[in-house]
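The structure appears below as C-alpha cells.
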Amino acid sequence: MKILLHIGTHKTGNTSIQRFARGNEDNLKSRGWLYPGYDIVNARGHYAHHHIAHGLAMVRNNRIDLETARKFIKEAVRLAESYEYLFLSAEE
C-alpha cells in the first residue's frame, strides 16, 4: 500500500479534488484507491480530511480531537491494506 497525501493551499482547486474523491468512492475503490470517510471512527462526515489534520495538530475547538484523529489514521491504514493506495486530502 502506498499513501498519497494531498496537502493543498487555499484557492487552488482542492475542494474539487476532494469532492470528486468523496463522490466517487466506490469507483476509486474498484481501482485500488481508498479515500476513507470519518465514518470509520463514527464521526460526522466531511468531503475532506481537514478535521483529522486539525485534530492531529490539536487545533482548539476542532470537532475531531487528537485521540479520534489518531484512531482515524490507524483505522485508515488498517483498511487500506486491501488497497493499492490510501488517499488523504486536507488544506492548511
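Any value given below was found using the heavy atoms of this structure, including those in side chains, with hydrogens, waters and symmetry copies removed.
Residues passing the side chain to side chain donor-acceptor pair (under 3.5 Å) test with Asn24, sequence neighbours excluded: none. Remark: Glu67 engages Lys71 in a salt bridge (charged side-chain N to carboxylate O under 4.0 Å, His left out) (not counting sequence neighbours). Under the side-chain contact (heavy atoms from CB on, under 4.5 Å) criterion, Ser16 pairs with no residue at all, not counting sequence neighbours. Considering only residues two or more places apart in sequence or on other chains, Arg78 meets the salt bridge (charged side-chain N to carboxylate O under 4.0 Å, His left out) condition with Glu75. With sequence neighbours excluded, the residues satisfying side chain to side chain donor-acceptor pair (under 3.5 Å) with Ser89 are His6, Gln18. Remark: Ser82 pairs with no residue by the side chain to side chain donor-acceptor pair (under 3.5 Å) rule, at least two apart or across chains. Annotation: salt bridge (charged side-chain N to carboxylate O under 4.0 Å, His left out) contacts of Arg22 (sequence neighbours excluded): Glu25.
Within a 6.0 Å radius of CZ in Arg63, other residues, nucleotides and ligands contribute more than 12 heavy atoms.
Counting only distance, with no hydrogens or angles, the side chain of His49 and the backbone of Pro36 share a donor-acceptor pair below 3.5 Å.
For residues 27-53, the set of pairs meeting the salt bridge (charged side-chain N to carboxylate O under 4.0 Å, His left out) definition, not counting sequence neighbours, is empty.
Other residues sharing the hydrophobic cluster of Tyr47, ordered by chain and number and joined by side-chain separations under 4.5 Å: none, the residue standing alone. Cluster partners of Ile17, by chain and number: Leu4, Leu28, Trp33, Tyr35, Tyr85, Phe87. The rule joins Ile, Leu, Val, Met, Phe, Trp and Tyr whenever side-chain heavy atoms lie under 4.5 Å apart. As a member of the Ile/Leu/Val/Met/Phe/Trp/Tyr network built from side-chain separations under 4.5 Å, Ile52 groups with Met1, Ile3, Leu5, Ile7, Leu34, Tyr38, Ile40, Val41, Leu56, Met58, Ile64, Leu66, Phe72, Ile73, Val77, Leu79, Tyr83, Leu86, Leu88.
Between the side chains of Glu91 and His50, no donor-acceptor pair is found at a separation under 3.5 Å.
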